Amino acid sequence: MPIAINGTGTITGISAGGLPDGCITPAELSGAQTGSAPIYGVRAWVNFDGTRNEADSGASTDGANVKIRGSGNVTSVLKNGAGDYTISFTTAMANINYAVFGSCENTTAFNVLKTFQNAAGTIVAPTTSAVRIVTGNSTTNQDPTYVSVGIIQ
């Protein structure tokens with residue numbers, strides 16, 4: 001039964017402890033979906049500040065973790081160098097064939113996010129436990145104030 005709200009504000013179609021027909025169930029999120037289009041959930045995500053250290057007590061430094069504002073299935077974000085970060089997963093991915101997407105910005109310049117690279121532009125293959133990203137503009141790696149990254153598998 002679909003959820004309905006009548007003219008008096010009465011809501012029908014909701015049962016205690018369950019979802020109405022047509023909603024996504026936990027089983028569907030675990031691979032038991034129906035229909036022709038599969039459901040792909042975000043397996044990890046993070047929003048971090050590349051300019052601040054983990055304790056938010058000063059500027060970020062190479063070889064130390066940066067400030068995470070919010071995350072899911074991410075243990076830490078390590079700053080390898082200017083604009084070069086390794087995102088470590090709390091629970092490993094099933095394999096290395098996942099998709100990485102994200103965005104970044106800085107108050108002083110337009111920034112781009114490159115995946116599977118290090119600061120020198122060399123390809124760094126993803127692992128099941130971490131992924132490497134680089135941020136900056138077209139010529140210089142930079143530490144953005146706002147970085148958001150998601151992983152789908």
Side-chain angles (χ1 to χ4, degrees), residues 2-3 14 17-153:
I3 296 175
I14 299 175
L19 295 171
D21 293 342
C23 288
I24 296 172
T25 66
E28 288 173 324
L29 293 175
S30 296
Q33 67 274 1
T34 61
S36 60
I39 298 170
Y40 296 101
V42 174
R43 302 297 296 268
W45 67 275
V46 65
N47 177 304
F48 68 90
D49 183 343
T51 68
R52 305 294 295 172
N53 66 24
E54 184 174 30
D56 196 21
S57 58
S60 62
T61 56
D62 296 354
N65 290 324
V66 297
K67 178 185 176 184
I68 294 176
R69 291 187 186 92
S71 68
N73 195 29
V74 170
T75 303
S76 62
V77 179
L78 177 70
K79 180 179 178 182
N80 303 300
D84 183 352
Y85 305 96
T86 299
I87 300 169
S88 296
F89 308 130
T90 306
T91 301
M93 298 296 122
N95 55 55
I96 62 168
N97 300 321
Y98 49 81
V100 179
F101 62 93
S103 62
C104 61
E105 65 175 309
N106 194 318
T107 56
T108 60
F110 173 75
N111 281 265
V112 296
L113 182 135
K114 303 173 226 173
T115 58
F116 313 125
Q117 292 186 25
N118 64 18
T122 304
I123 299 298
V124 177
T127 68
T128 58
S129 60
V131 65
R132 193 119 170 218
I133 65 165
V134 174
T135 59
N137 60 31
S138 60
T139 59
T140 308
N141 295 334
Q142 298 175 352
D143 296 331
T145 305
Y146 301 98
V147 183
S148 296
V149 177
I151 310 295
I152 297 177
Q153 186 170 49

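We use all heavy atoms of the structure for the numbers below, so side chains are in, but hydrogens, waters and symmetry mates are not. Predicted model, so just to flag it, every value in this text is computed and none were measured.
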J.: Is the backbone N or O of Leu78 less than 3.5 Å from a side-chain atom of Ser76, with the two atoms forming a donor-acceptor pair by type?
T.: no
J.: Rounded to the nearest 0.5 Å, what's the gap from CZ on Phe116 to CD1 on Ile123? Could you check?
T.: 9.0 Å
J.: Is the shortest heavy-atom distance from the side chain of Asn80 to the side chain of Arg132 under 4.5 Å?
T.: yes
J.: Is the shortest heavy-atom distance from the side chain of Thr86 to the side chain of Val131 under 4.5 Å?
T.: no
J.: With under 30° as parallel and over 60° as perpendicular, where do the rings of Phe89 and Tyr98 fit, or are they tilted in between?
T.: perpendicular
J.: Using modelled atom types and a 3.5 Å cut-off, is there a donor and acceptor pairing between side-chain atoms of Arg43 and backbone atoms of Ile152?
T.: no
J.: Kindly compute the distance separating CD (Gln142) from OG1 (Thr51), expressed to the nearest 0.5 Å.
T.: 12.0 Å
J.: Side chain to side chain contact (heavy atoms under 4.5 Å, CB included) between Ile96 and Thr128: does it pass, once the steps are laid out?
T.: CA-CA 5 Å; Ile96 62 168; Thr128 58; 4.1 Å; yes
J.: Looking at every non-hydrogen atom in both residues, tell me the closest pair between Val46 and Ser71 and how far apart they are.
T.: CG2-CB, 3.9 Å
J.: Taking all atoms of both residues into account, what is the closest heavy-atom pair of Ala82 and Asp62, and its distance?
T.: N-OD1, 4.1 Å
J.: Consider side chain to side chain contact (heavy atoms under 4.5 Å, CB included). Of Thr115, Ile68, Val77, Thr75, which one does Ile87 pass it with?
T.: Val77
J.: For the side chain of Asp49 and the backbone of Tyr146, is there at least one donor-acceptor N/O pair under 3.5 Å apart?
T.: no
J.: With a 4.5 Å cut-off on side-chain heavy atoms, are Val100 and Pro126 touching?
T.: no
J.: What is the minimum heavy-atom distance between Pro144 and Cys104, and which atoms define it?
T.: CG-CB, 3.9 Å
J.: Main chain of Met93, side chain of Gln153: is a donor-acceptor contact present, judged purely on distance under 3.5 Å?
T.: no
J.: If you round to the nearest 0.5 Å, how far is OG of Ser60 from CD of Glu54?
T.: 12.0 Å
J.: Would you say the side-chain atoms of Asn141 pair up with the backbone N or O of Ala119, donor to acceptor, closer than 3.5 Å?
T.: yes
J.: Ignoring hydrogens and angles, tell me if any N or O in the side chain of Asn73 forms a donor-acceptor pair with the backbone of Thr91 under 3.5 Å.
T.: yes
J.: To the closest 0.5 Å, what do you measure between CZ (Arg69) and OG1 (Thr145)?
T.: 7.0 Å
J.: How long is the straight-line distance from OG of Ser148 back to CG of Leu113, given to the nearest 0.5 Å?
T.: 9.5 Å
J.: Can you see which heavy atom on Val66 is nearest to which on Lys79, and at what distance?
T.: CG1-CB, 3.9 Å
J.: Contact between Ile133 and Val147 at the side-chain level, heavy atoms closer than 4.5 Å - yes or no?
T.: yes
J.: Looking only at non-hydrogen atoms, find the nearest pair between Ile151 and Phe101 and report the distance.
T.: N-CE2, 4.1 Å
J.: Can you name the closest pair of heavy atoms from Gln117 and Gly121 and give their distance?
T.: OE1-CA, 3.7 Å
